[in-house]
**Q** 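Just dropping this structure here.
In what follows, every chain begins at residue 1, and chains take the letters A, B, ... in the order their sequences are listed.
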Amino acid sequence: MIEKQEIEEIMQKLLKFYEGREIEWSASLNPFQILIGTILSQRTRDVMTEKITKKLFEKFATPEDFNKASVEEIENVIRGAGFYKQKAKRIKEIAEIILKKYNGKVPESREELMKLPGVGAKTSAITMVYGFGKNDAIPVDTHVHRISNRIGMVKTKTPEETEKELMKKIPRKYWNVINHLFVIHGQSICLPMKPRCNECPTKEHCRYFRDCRKINQKQS
DNA sequence: CTCCCGATAT
DNA sequence: ATATCAGGAG
């Protein structure tokens, strides 16, 4: 298992490699929009998510807008995203809860966020990090889970375990960048089925690369 | 563990 | 044709 010192090196290499590719989508959105956009992104490719969130926020922008809209109206806009019926229903419920229980403001704690329907560990963490600019959580999505296991930073079965282990091993200064960094990495190089290990800036640290080499080269 | 669920990559 | 995608609830 890889320990802290080496993790520091890996993070620095990734930061340098992806320098200049900062987050642009969250900058223009408020916490409520980050929350809704993140729900839409669940198990949905982000090219699709981007298209849909843009359309959606042109029609409805505030909790009031969503609360007034019908579930069918929301469905019609977000159709194309995975699980769109569930998401439409949950988005409307969230808008109502935020209006009535939280006075129109997105709750600024993970516990409260996770009480909302459709908001679990990952979505609440994303909202804290990108919506409120906090670094008290590590958003673990499929990319963070896959990559941290491949490299050998953790050895875990579930994203929840991964977050717990990563919080022990990753210095806090990286907590609010690791998600974005690993998502870019996971979409461009550390692909799920056919990773481009030859192009990877972390290959000399990566257990997956090492073991994969030993057996044979299936690089592209 | 299953279900939600459409779009796209392989 | 199958695997996977910025997952979460029951």
**Q** Could you work out, with ring pair (Phe, Tyr, Trp, His ring centres under 6.0 Å) as the rule, every residue matching A/Phe60, not counting sequence neighbours?
**A**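 A/Phe66.
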**Q** What pairs with A/Glu3 under salt bridge (charged side-chain N to carboxylate O under 4.0 Å, His left out), at least two apart in sequence or on another chain?
**A**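 Partners of A/Glu3 by the salt bridge (charged side-chain N to carboxylate O under 4.0 Å, His left out) criterion, ordered by chain and then number, come out as A/Lys169.
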**Q** Remember a base hit wins even if backbone is also touched, and classify A/Val119 as base, sugar-phosphate or nothing at under 4.0 Å, heavy atoms.
**A**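 Sugar-phosphate only.
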**Q** What residues form a salt bridge (charged side-chain N to carboxylate O under 4.0 Å, His left out) with A/Glu9, not counting sequence neighbours?
**A**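 Partners of A/Glu9 under the salt bridge (charged side-chain N to carboxylate O under 4.0 Å, His left out) test: none.
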**Q** Listed in order of residue number, which residues of residues 29-51 of chain A have a non-hydrogen atom at under 4.0 Å from DNA chain B?
**A**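 Result for residues 29-51 of chain A: A/Arg43, A/Arg45, A/Met48, sorted by number.
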**Q** Just grab all the salt bridge (charged side-chain N to carboxylate O under 4.0 Å, His left out) pairs involving residues 120-145 of chain A, residues at least two apart or on different chains.
**A**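 Qualifying pairs, neighbours excluded: A/Glu108-A/Lys134.
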**Q** Listed by chain and number, what are the salt bridge (charged side-chain N to carboxylate O under 4.0 Å, His left out) partners of A/Arg110, not counting sequence neighbours?
**A**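 A/Arg110 satisfies salt bridge (charged side-chain N to carboxylate O under 4.0 Å, His left out) with A/Glu163 only.
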**Q** Using the closest heavy atom to pick a nucleotide of DNA chain C for each, name whichever of A/Lys115 or A/Pro192 lands nearer the 5' end.
**A**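 Its nearest nucleotide being more 5', the pick is A/Pro192.
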**Q** Supply the atom-to-atom distance A/Phe57 CZ to A/Gln33 CD, rounded to the nearest 0.5 angstrom.
**A**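 Answer for the CZ-CD pair, A/Phe57 versus A/Gln33, is 5.0 Å.
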**Q** Excluding sequence neighbours, so at least two apart, what forms side chain to side chain contact (heavy atoms under 4.5 Å, CB included) with A/Ser70?
**A**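 Per chain and number, A/Ser70 pairs via side chain to side chain contact (heavy atoms under 4.5 Å, CB included) with A/Glu72, A/Glu73.
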**Q** Check every nucleotide of DNA chain C for an atom under 4.0 Å from a heavy-atom of chain A, then give the first and the last such nucleotide from 5' to 3'.
**A**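 Extent of the interface on DNA chain C: C/dA3 to C/dA9.
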**Q** Using a heavy-atom distance cut-off of less than 4.0 Å, which residues of residues 83-101 of chain A contact DNA chain C?
**A**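 Residues of residues 83-101 of chain A that come under 4.0 Å of DNA chain C are, in numerical order, A/Phe83, A/Arg90.
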**Q** When the C1' atoms of C/dT2 and B/dC5 are compared, how many Å lie between them, rounded to an integer?
**A**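 About 16 Å, rounded to a whole number of Å.
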**Q** Mind checking if A/Leu116 touches a base, just sugar-phosphate, or nothing, with heavy atoms under 4.0 Å?
**A**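 Sugar-phosphate contact only - A/Leu116 comes under 4.0 Å of backbone atoms but never of a base.
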**Q** I'd like to check the ring pair (Phe, Tyr, Trp, His ring centres under 6.0 Å) partners of A/His185; sequence neighbours left out, ordered by chain and number.
**A**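 Only A/Tyr18 meet the ring pair (Phe, Tyr, Trp, His ring centres under 6.0 Å) criterion with A/His185.
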**Q** If I take atom CZ in residue A/Arg196 and atom P in nucleotide B/dA9, what distance separates them, rounded to the nearest angstrom?
**A**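 Going from A/Arg196 (CZ) to B/dA9 (P), I get 12 Å.
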**Q** Tell me which of A/Gln187 and A/Met114 sits closer to the 5' end of DNA chain C, going by the nucleotide each one is nearest to.
**A**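 Per heavy-atom nearest nucleotide, the more 5' residue is A/Gln187.
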**Q** Report which part of the nucleic acid A/Gly82 touches: base, sugar-phosphate, or nothing (heavy-atom distance under 4.0 Å, all strands).
**A**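 Touches a base.
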**Q** What residues form a salt bridge (charged side-chain N to carboxylate O under 4.0 Å, His left out) with A/Lys168, not counting sequence neighbours?
**A**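 Salt bridge (charged side-chain N to carboxylate O under 4.0 Å, His left out) list for A/Lys168, sorted by chain: A/Glu165.
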**Q** Write down the distance separating the P atoms in C/dA6 and B/dT2, rounded off to the nearest Å.
**A**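 The answer is 23 Å between these two P atoms.
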**Q** Going by the rule ring pair (Phe, Tyr, Trp, His ring centres under 6.0 Å), which residues pair with A/Tyr84 if we only count those two or more places apart in sequence or in a different chain?
**A**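 A/Tyr84 satisfies ring pair (Phe, Tyr, Trp, His ring centres under 6.0 Å) with no residue once adjacent residues are dropped.
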**Q** Give me the one residue out of A/Leu191, A/Ile189, A/Ile184, A/Val183 that meets side-chain contact (heavy atoms from CB on, under 4.5 Å) with A/Gln187.
**A**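 Only one option passes, and that is A/Val183.
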